**Student:** 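Could you have a look at this structure, given as structure tokens, before my questions?
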Amino acid sequence: MSAALVSPPLYQVLEAPAPADSGLPLPAEELKLLYRAMLRVRVIDGRMLNLQRQGRIGFYGLATGEEAAVIGSGHAFAARDWIFPALRQGGVALLRGYPLDLFVAQCVGNSGDLLKGRQMPCHYSDRRINFVSWSSVIATQLPHAVGAAMAAKLRKDDVVCAAYLGDGATSAGDFHTAMNFAGVWRAPVVFICQNNQFAISVPIERQTASAGIAVKAQAYGFEGVRVDGNDVLAVSFATRDAVARARAGAGPTLIEAVTYRRGGHSSSDDPARYRDERVSEEWARRDPLLRYQRWLAPRGLWDAALEESIAEEAKTQLDEAIRKVEAMAPVERATLVEDVYAEVPRQLKEQGDGI
Ligand SMILES: Cc1ncc(C[n+]2csc(CCOP(=O)(O)OP(=O)(O)O)c2C)c(N)n1
């Protein structure tokens, strides 16, 4: 029997010893921006979950504990690049300038929602930020991302696509289709797998027999990188390298960001029923925000006052967005058939009573 492939080593930056003469690895403002964006996601997620518990939105998927994977990767793409997210990448949309009121309206699904209430919450989409709604059906966004990347390549557009997925998505046929096509055609795409170790109740050990996720890229003929997903700088640098390779015509990369889903799968799940929550407590000690604070503080880039001001600002902006969106009317019934038919069929017109 042949030996199993070995996982690439885990890439880390935050606690790795830095050369004595090294300066900041990124401009101070960018280092602070990464922190601000992560904390903003943490604050927004907490408040959105409360809205769900109060019955004001139907569902929510948190990124709590995964903010470094979301923001570190999202920050590596240019405005002209296209993002194909999964459930937990709303923070990437915000980072790209998606307004908070549209973010909230998408979750509420009323007349303020660009998608006219047709999607579940957390399915943000806005062509102005090149951000494409996922479909809820796990992994379908991956061939879409590869197709868009191939289209860009054929048109000689200087565009890279981000294809986000969870560990569970690697068991779907669409993962194979996308990875194979991307490898054969050297598509300018970066697959970013947030391996949060659970697909609802299925743990990673039951998801795959291979040594992690990154190693799978070898079989498709391109590089897989395994990165500490709670280390925002490691995620950021690994993604920047992958984006640069894709832009230079060197083809795709699969990044496995090893992290942990701290909460339930969504607002409709109780993880205590199927996993040992003492493990979750251990991961709370490896919190991506705390780890990054510990790196920023001695460099004069973080203190408690900054923390307070970012959190306060995020809360105030979100409260204002919620107030504005909740005052909006429901979607008009006629929108049910808008953009669907060139001519609304007679039976729908009759059922719609005035559509
Ligand atoms: C094709 C398909 N199968 C099953 C489901 C039900 N489902 C919704 S989310 C989910 C788990 C996804 O896990 P993962 O890809 O690891 O992402 P995570 O939610 O953990 O970020 C499943 C099985 C689905 N939506 N689509």
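Counting convention: from 1, in listed order, for ligands and their atoms alike. A quick note: this is a predicted structure, and the numbers were derived from the prediction, not measured. Along the sequence shown, residues are numbered consecutively beginning with 1.
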**Student:** Which residue supplies the protein heavy atom nearest to atom 22 (C) of ligand 1, what is that atom called, and how far is it?
**Tutor:** Ile200 CD1, 3.6 Å
**Student:** Can you tell which of Gln194, Gln89, His265 gets a heavy atom nearest to atom 9 (S) of ligand 1?
**Tutor:** His265
**Student:** Below 4.0 Å from ligand 1: does a non-hydrogen atom of Ala172 turn up there or not?
**Tutor:**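 It does not, in that no heavy atom of Ala172 comes within the 4.0 Å cut-off of ligand 1.
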**Student:** Go through ligand 1 atom by atom and flag the ones less than 4.0 Å from a non-hydrogen atom of Gly166.
**Tutor:** 14 (P), 15 (O), 16 (O), 17 (O)
**Student:** Counting non-hydrogen protein atoms only, what is the nearest one to atom 12 (C) of ligand 1? Give residue, atom name and distance.
**Tutor:**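 Closest protein heavy atom to atom 12 (C) of ligand 1: Ile138 CD1, 3.7 Å.
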**Student:** Between Trp134 and Gln119, does a side chain to side chain contact (heavy atoms under 4.5 Å, CB included) hold up when you go through it step by step?
**Tutor:** CA-CA 9 Å; Trp134 70 306; Gln119 286 273 36; over 6 Å; no
**Student:** Considering all protein heavy atoms, does one lie under 4.0 Å from atom 6 (C) of ligand 1?
**Tutor:** no
**Student:** CG/Leu94 to CD1/Ile44 distance, rounded to the nearest 0.5 angstrom?
**Tutor:** 5.0 Å
**Student:** Please report the C-alpha distance between Asp231 and Trp295 in whole Å, then the side-chain angles of each, then the deciding distance to 0.1 Å, and finally whether the side chain to side chain contact (heavy atoms under 4.5 Å, CB included) criterion is met.
**Tutor:** CA-CA 10 Å; Asp231 177 337; Trp295 188 92; over 6 Å; no
**Student:** Taking heavy atoms and a distance under 4.0 Å, where does Asn196 meet ligand 1: side chain, backbone, both or neither?
**Tutor:** side chain
**Student:** Near Ala199, which atoms of ligand 1 are under 4.0 Å from a heavy atom of that residue?
**Tutor:**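 So the atoms of ligand 1 that pass are 11 (C), 13 (O), 16 (O).
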**Student:** Which atoms of ligand 1 have any heavy atom of Gly168 under 4.0 Å away?
**Tutor:**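 Counting from 1, the qualifying ligand atoms are 14 (P), 15 (O), 16 (O).
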**Student:** Of the side chain and backbone of Arg88, name the one, both, or neither that has a heavy atom under 4.0 Å from an atom of ligand 1.
**Tutor:** side chain
**Student:** Under 3.5 Å, is there a donor-acceptor pair between the Asn196 and Glu66 side chains?
**Tutor:**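 Glu66 and Asn196 do have a side-chain donor-acceptor pair below 3.5 Å.
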**Student:** Between Val137 and ligand 1, is there a nitrogen or oxygen pair with a distance under 3.5 Å?
**Tutor:**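 In this structure, Val137 places no N or O atom under 3.5 Å from an N or O of ligand 1.
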**Student:** For Ala139, which part has a heavy atom under 4.0 Å from ligand 1: side chain, backbone, both, or neither?
**Tutor:**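 Neither part.
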**Student:** Using modelled atom types only, decide if a donor and an acceptor are shared between the side chain of Asp45 and the backbone of Leu62 within a distance under 3.5 Å.
**Tutor:** no
**Student:** Using a cut-off of 6.0 Å, state whether more than 12 heavy atoms not belonging to Glu332 lie near its atom CD.
**Tutor:**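 Not buried by this count: 12 neighbours or fewer within 6.0 Å.
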**Student:** Under 3.5 Å between any N/O of Arg261 and any N/O of ligand 1: does that happen in this structure?
**Tutor:** no
